[in-house]
Amino acid sequence: IKKVMPIPKAHYGGRHTVTLLPGAGIGPELMAIVKEVFSYAGVPVDFEDIDIDPNADNNDDLNYAITSIRRNGVALKGNIETRSREVEVLSRNVALRNELDLYVNVLHCVSYPGVNSRQKDIDIVIVRQNTEGEYAMLEHESVDGVVESMKIITRSNSERLARYAFEYAKRNGRKKVTTVHKANIMKLSDGLFLETSKQVAKEYPDITHSDMIIDNTCMQLVSNPHQFDVILTTNLYGSIVSNVVCGLLGGAGLLSGKNFGDHYTVFEPGTRNTGAKIAGKNIANPIAMLNAAVDMLRHLGHRHHATIIQNAINKTINAGVHTRDLGGSATSREVVDSIMKHIKIAVN
Ligand code: ADP
Ligand code: MG
């Protein structure tokens, strides 16, 4: 088995340099918060900021960002906007993941006891294919009024993704992996994804493997989410399922997601929203981006700082300092001030 955890690269004199892609909407204000919290907690990480012009009609900015991530090995990102409708101007978010071969997206969805959510005590891990499927970006209008969009499923990507899911389950004491698909309709593509996961499952006799159709999965997630442990799924279904689970736990502002390949790692909020309507109003929930930043610190081996910030986040949430999306009335600033107060208590 190939080692999945990539090795961070840019590491000079005890400090790490990581690529920072603020993106659009609430991205820049959330990144400013991450920088403020990092500097307050004395985190030895430097950022290489890269702005991508949403109106650009070429891929130069995107290529520069990719070069930077190749150099640093690690990035923290907000959702990047692509305004151009030209097919040759790629969706930056998708192109970045595809170019860097970040083939797996992992979302660990755990309930916060202090959040008044629709479902309690959820602990589900979503392992999502991150580079192909419906996101292959192969669309064309064959004749006027007829568009073809190709969904690509490969055995090699399905296999390494399934292996990632089962290895994750094994390493983290998980009992069950459920492959989520639509192989009853998409017999060849989802059929291959499902068959491959069944093959890989045979190598892990201690882990129960089952499968479920995407439609039923959405219904089951809403009505009886506690039956799920690890979910293994394709790109588009993974996007939908992640949003359903995040919604059950408290929405877009809480959870973080990780994008892994064999060489590079990109951290971002779990549901990848732009939040254009709430930008610049001091109301966005900063927790999802801060959780992504904490994930990044763990990945870089800065465990001490990760724990301090994580504890400060948890204390803030459990004390009921909640932004509007969680039913509270706190501003982004008040949440950050509370987190910094707890950091101060911890380091003194
Ligand atoms: P997308 O970028 O996928 O179109 P949106 O930006 O429309 O998604 O976000 C979906 C919903 O989640 C919106 O109602 C948005 O206000 C909300 N949302 C996203 N991120 C946050 C956040 N950090 N804090 C509070 N609400 C958020
Ligand atoms: Mg939107």
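Note that the structure is predicted; figures quoted are calculated from it, not measured. Just so you know, ligand 1 is whichever comes first in the structure, and atom 1 is the first atom listed for that ligand.
- Annotation: Arg272 places no N or O atom under 3.5 Å from an N or O atom of ligand 1; distance criterion only.
- Here the shortest heavy-atom distance to atom 2 (O) of ligand 1, taken over Thr274, Asn79, Asn243, Ile278, belongs to Thr274.
- With a heavy-atom cut-off of 4.0 Å, Thr271 does not touch ligand 1 at all.
- For Arg128 and Tyr237, the positive end is not near the middle of the six-membered ring at less than 6.0 Å and at most 45° from its axis.
- Below 4.0 Å from some heavy atom of Ala284 lie the following atoms of ligand 1, by number and element: 24 (N).
- Counting only distance, with no hydrogens or angles, the side chain of Asp229 and the backbone of Lys176 share a donor-acceptor pair below 3.5 Å.
- In summary, the atoms of ligand 1 found under 4.0 Å from a heavy atom of Gly275, numbered by their order in the structure, are 5 (P), 6 (O).
- Looking only at distances, no side-chain donor or acceptor of Asn216 sits under 3.5 Å from a matching main-chain atom of Met212.
- Using a distance-only test at 3.5 Å, with no hydrogens or angles considered, a donor-acceptor pair links the side chain of Glu134 to the main chain of Leu236.
- Shown in contact with Ile26 at under 4.0 Å from a heavy atom are these atoms of ligand 1, numbered in order with element: 20 (N), 21 (C), 22 (C), 23 (N).
- The heavy atom nearest to atom 17 (C) of ligand 1, out of those in Ala252, Pro286, Gly251, is found in Ala252.
- For residues 291-307, there are no salt bridge (Lys or Arg N to Asp or Glu O under 4.0 Å) pairs, not counting sequence neighbours.
- Between the side chains of Asp123 and His108, a donor-acceptor pair is found at a separation under 3.5 Å.
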